[in-house]
Colleague: 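Following this message is one structure expressed as structure tokens.
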Amino acid sequence: MSQSTEAAPAATFIAALRERFEGAELGPEQHGRFPVNDVMIAHWCDAMDDRNPVYTDAELAARSVHGGIVAPPAMLQAWIMNGLAPRPQDKVAEIKAALAEAGFTSVVATNCEQEYFRYLRPGDRVVARGVVESISDEKRTGLGDGHFVTTRTTLYDQNGEKVGTHMFRVICFRPRAKAAAPATPPAASAAKPAEEKSAEPPPAAGYPFMRPAVSEDTEFFWEGTAREEVLIQRCTACQTLRHPPLPMCPSCQSLEWDTVRAAGAGTLHSYVVMHHPLPKGVTEPYIVALADLDEGVRLLANLDGVAAGEVTIGMPLTVGFVKVDDDLTVPRFHPAKE
Ligand code: ZN
């Protein structure tokens with residue numbers, strides 16, 4: 001309906017988008033992949049470190065006001081997640097595409113609110129129906145100017161009774177000139193084939209480096225790596241170092257900070273060898289290392305220069321850098337040379 005390539009005024013464009021999408025159903029009804037069950041509940045409680053025994057201890061739960069195990073309310077959305085299968089195309093994808101055409105190419109989730117009407121119990125079967133609630137006017141934010149897109153999904157049980165709602169909001173924004181990288185999740189960065197081909201311009205699609213999502217809190221770090229420096233945040237109130245970057249000191253809650261440059265030496269704390277799934281364009285397993293830097297913080301980066309079978313916890317490492325392209329340089333560990 002709306003052709004954003006036309007030079008239509010922004011207000012007309014967004015009015016047309018609202019006319020088309022606000023109030024529309026998100027997509028087909030979602031059916032819980034599994035009934036509510038105690039195994040998923042136990043795993044979720046482990047992951048969230050929730051020790052409330054009414055979720056996991058059948059005997060104790062039976063003597064509680066619930067009369068048996070119940071699911072943590074905050075687990076609501078887990079019951080309608082469909083694993084690693086591709087999500088069916090929904091209206092939000094269409095809205096994102098329309099906004100991207102108009103220049104709002106980056107997407108970040110901003111907030112989520114849930115309401116709970118009753119506890120779910122093992123055996124319950126959940127069905128969800130969602131609507132597009134609103135598309136905001138253009139707003140100025142720290143990330144860039146953009147539109148908030150809000151959806152609301154209502155979950156029902158097998159009797160058609162409402163059990164909860166899930167509001168989810170994203171902002172589709174025009175990235176600031178500096179943060180021109182596509183917004184993809186932060187991730188282990190890399191692969192040997194890219195390094196070997198570093199003289200060639202990176203292909204537009206399928207490039208093996210997953211780009212970090214640079215935010216106001218993290219941009220100093222990536223500006224540092226561009227100069228081949230690893231910068232560690234330091235609280236100027238209590239001098240505590242911290243990494244990954246955070247706006248507030250976890251020790252004294254001060255918001256004031258500066259940075260110190262890491263010397264680039266550390267020891268291997270832990271690692272994984274990524275075999276599957278490999279990022280597109282990557283053909284060989286690679287090592288992602290978590291190292292204790294000598295300064296006392298931990299840094300995550302790929303580890304090169306050693307075969308997976310030769311890696312040992314505690315091995316000394318040095319930090320090097322790989323220039324991906326003009327906008328991105330990433331740290332890379334290598335075994336320290338004796
Ligand atoms: Zn502090």
Colleague: Taking atom NE2 as the centre, does H43 end up with more than 12 heavy-atom neighbours from other residues, nucleotides or ligands that are less than 6.0 angstrom away?
Modeller: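 Open: at most 12 neighbouring heavy atoms sit under 6.0 Å from NE2 of H43.
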
Colleague: With ring pair (Phe, Tyr, Trp, His ring centres under 6.0 Å) as the rule and sequence neighbours excluded, what pairs involving residues 237-275 come up?
Modeller: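 Qualifying pairs, neighbours excluded: F220-W257, F221-H243.
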
Colleague: Can you tell me if CD on E59 sees more than 12 non-hydrogen neighbours from other groups inside 6.0 Å?
Modeller: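 Open.
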
Colleague: Kindly indicate whether the side chain of E229, heavy atoms from C-beta on, has any atom under 4.5 Å from the side chain of T259.
Modeller: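 No, every pair of side-chain atoms sits at 4.5 Å or beyond.
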
Colleague: Which residues, ordered by chain and number, are linked to M248 in its hydrophobic cluster, where ILVMFWY side chains connect at heavy-atom gaps below 4.5 Å, directly or through other members?
Modeller: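 When side chains under 4.5 Å apart are linked, the cluster holding M248 also contains L255.
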
Colleague: Within the distance-only criterion (no hydrogens, no angle test), does the side chain of Q30 pair as donor or acceptor with the backbone N or O of A128 below 3.5 angstrom?
Modeller: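 Flag not set: sc Q30 to bb A128 has no pair under 3.5 Å.
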
Colleague: Establish, from distance only, whether the side-chain atoms of R169 and T150 form a donor-acceptor pair under 3.5 Å.
Modeller: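 Note: R169 and T150 side chains meet the donor-acceptor criterion.
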
Colleague: CD of E138 to CZ of R174: how many Å apart, nearest 0.5 Å?
Modeller: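 The CZ atom of R174 is 5.0 Å from CD of E138, to the nearest 0.5 Å.
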
Colleague: Quick check: does any side chain N or O of E25 sit under 3.5 Å from a backbone N or O of R129, one acting as donor and the other as acceptor?
Modeller: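 No, the answer is negative, given that no donor and acceptor are paired below the 3.5 Å cut-off.
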
Colleague: Atom CG in D145, atom CZ in R140: separation rounded to 0.5 Å?
Modeller: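 Going from CG on D145 over to CZ on R140, the span is 4.5 Å.
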
Colleague: Decide yes or no for C45 and P72: does some side-chain heavy atom of the first lie under 4.5 Å from some side-chain heavy atom of the second?
Modeller: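 The answer is yes; the side chains approach within 4.5 Å.
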
Colleague: What's the separation between atom CE in M315 and atom CD in E310, rounded to the nearest 0.5 Å?
Modeller: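 Those atoms lie 9.0 Å apart.
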
Colleague: Once you round to the nearest 0.5 Å, how far does CD of E115 lie from NE2 of H166?
Modeller: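 Spacing of CD (E115) from NE2 (H166) equals 12.0 Å.
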
Colleague: Is the number of heavy atoms from other residues, nucleotides or ligands within 6.0 Å of CG (D258) greater than 12?
Modeller: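 Check passes, neighbour count above 12.
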
Colleague: Do the side chain of T141 and the main chain of G144 share a donor and acceptor less than 3.5 angstrom apart?
Modeller: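 Yes, T141 side chain to G144 backbone: donor-acceptor pair under 3.5 Å.
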
Colleague: Donor-acceptor check, side chain of H147 to backbone of S136, threshold 3.5 angstrom: yes or no?
Modeller: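 Yes, because the side chain of H147 sits within donor-acceptor range (under 3.5 Å) of the backbone of S136.
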
Colleague: Can you tell me how far OG1 of T318 sits from NE2 of H334, rounded to the nearest 0.5 angstrom?
Modeller: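 So the gap between those two atoms works out to 6.5 Å.
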
Colleague: Around atom CD of E256, are there more than 12 heavy atoms from other residues, nucleotides or ligands closer than 6.0 Å?
Modeller: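 Open.
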
Colleague: List, by chain and then residue number, the residues other than M40 in its hydrophobic cluster (Ile/Leu/Val/Met/Phe/Trp/Tyr, side-chain heavy atoms under 4.5 Å); write none if there are no others.
Modeller: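 Besides M40, the hydrophobic cluster comprises F34, V36, I41, W44, M48, V54, Y55, I69, V70, M75, L76, W79, I80, Y116, Y119, L120, V126, L155, V163, listed by chain and residue number.
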
Colleague: I want to check something: taking the side chain as every heavy atom from C-beta on, are V149 and L99 in contact at a cut-off of under 4.5 Å?
Modeller: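 Touching, per the 4.5 Å side-chain cut-off.
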
